Q: 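The structure under discussion is supplied below as structure tokens; questions concerning it will follow.
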Amino acid sequence: MSELIPVLAADEIHLLVKSMAQRISVDYRGRELVMIGVLKGAFIFLADLIRQLTIPVKVDFLQACSYGAGTQSCGAVRLVKDIGVDIRQKDVLLVEDIVDTGLTVNRILDHLKSFLPASVGVCTLIDKRERRAAEVPIAYAGHVTEKGFLVGYGLDCDEAYRNLPGIYQLKIQVVEP
Ligand code: 5GP
């Protein structure tokens, strides 16, 4: 048995994304912006974010494994899909769904820096702080929370719930035999 507790409704997410896009459009005006989404969780966020930008942008994706099936971390962070665009001397913005421990983003930042971009920033829809284990230079955060396992708007639990238009906290209830 599991319960979905509402955290952000679709219209609230829309406003958050719009305001982040406005800030990014101002900050990166006149620069060569490449946004890199972290698969799979950031795919809906990135798709909405770029459509609210008022500046040109190039888009790519990479994929890292930090969580296995369910809600538990598998520990080590492994890159399973790399970028294909040339980011040398470009201004890169890494787009994440959630920064939790920070280990995934830091691993990806180290990797991206090896391509010698002009700059690398971090944009995350959710900044979840309770379990932070590594400091992350987050330039844009949509919603800050302490804890809870979130699903919806691209975020999954074992590949389910990504299609929900809002974001929910998933409470898994253990049924006693
Ligand atoms: P970190 O390395 O910061 O601990 O974890 C980053 C990744 O773990 C996120 O990109 C996301 O895929 C996954 N993650 C962390 N917290 C949550 C959560 O509350 N819900 C979901 N669905 N994924 C999460």
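Please read all numbers here as calculations on a predicted model, not as lab measurements. Every number for a ligand or one of its atoms is a count from 1 in the order of the listing.
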Q: Rounded to the nearest 0.5 Å, what separates atom CG in Leu16 from atom CD1 in Ile167?
A: 8.5 Å

Q: List every atom of ligand 1 that sits less than 4.0 Å from any heavy atom of Lys128, numbering the atoms from 1 in the order shown and giving each element.
A: 16 (N), 17 (C), 18 (C), 19 (O)

Q: Nearest 0.5 Å please: distance from the CG atom of Asp97 over to the NZ atom of Lys128.
A: 9.5 Å

Q: Are any of the N or O atoms of Val77 closer than 3.5 Å to those of ligand 1?
A: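 No - when backbone and side-chain N and O of Val77 are compared with those of ligand 1, no distance drops under 3.5 Å.
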
Q: At the 4.0 Å heavy-atom cut-off, does Gly102 count as touching ligand 1?
A: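 It does; at least one heavy atom falls under 4.0 Å.
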
Q: Which of the numbered atoms in ligand 1 are under 4.0 angstrom from any heavy atom belonging to Thr101?
A: 1 (P), 2 (O), 3 (O), 4 (O)

Q: Return the CD1 to CG distance between Ile98 and Leu155, rounded to the nearest 0.5 Å.
A: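 Here the rounded value is 4.5 Å.
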
Q: Classify the contact between Asp97 and ligand 1 as side chain, backbone, both or neither, using a heavy-atom distance cut-off of under 4.0 Å.
A: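 Only the side chain of Asp97 comes within reach of ligand 1.
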
Q: Kindly list each side-chain donor-acceptor pair under 3.5 angstrom involving residues 33-46, sequence neighbours excluded, with atom names and distances?
A:
from, atom 1, to, atom 2, distance (Å)
Lys40, NZ, Glu159, OE1, 3.2
Lys40, NZ, Glu159, OE2, 3.4

Q: Check the pair Thr145, Val7 against side chain to side chain contact (heavy atoms under 4.5 Å, CB included), reporting the backbone distance first and the verdict last.
A: CA-CA 10 Å; Thr145 187; Val7 174; over 6 Å; no

Q: Looking only at distances, can you tell me whether any N or O atom of Glu96, backbone or side chain, sits closer than 3.5 Å to an N or O atom of ligand 1?
A: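 Yes, at least one N or O pair falls under 3.5 Å.
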
Q: For Ala9, which residues count as a side chain to side chain contact (heavy atoms under 4.5 Å, CB included) partner, sequence neighbours excluded?
A: Asp11, Glu12

Q: Do any heavy atoms of Val151 fall under 4.0 Å from ligand 1?
A: no

Q: Any heavy atom of Gly148 sitting closer than 4.0 Å to ligand 1?
A: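 A heavy atom of Gly148 does come that close to ligand 1.
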
Q: Using heavy-atom distances, let me know which of Asn106, Thr104, Val99, Ile126 sits nearest atom 6 (C) of ligand 1.
A: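 Heavy atom nearest to atom 6 (C) of ligand 1 belongs to Thr104.
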
Q: Using a 4.0 Å cut-off to any heavy atom of Asp156, which atoms of ligand 1 qualify?
A: 21 (C), 22 (N)

Q: How far does CZ of Arg78 sit from CD of Gln63, to the nearest 0.5 angstrom?
A: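 One finds 9.5 Å between CZ of Arg78 and CD of Gln63.
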
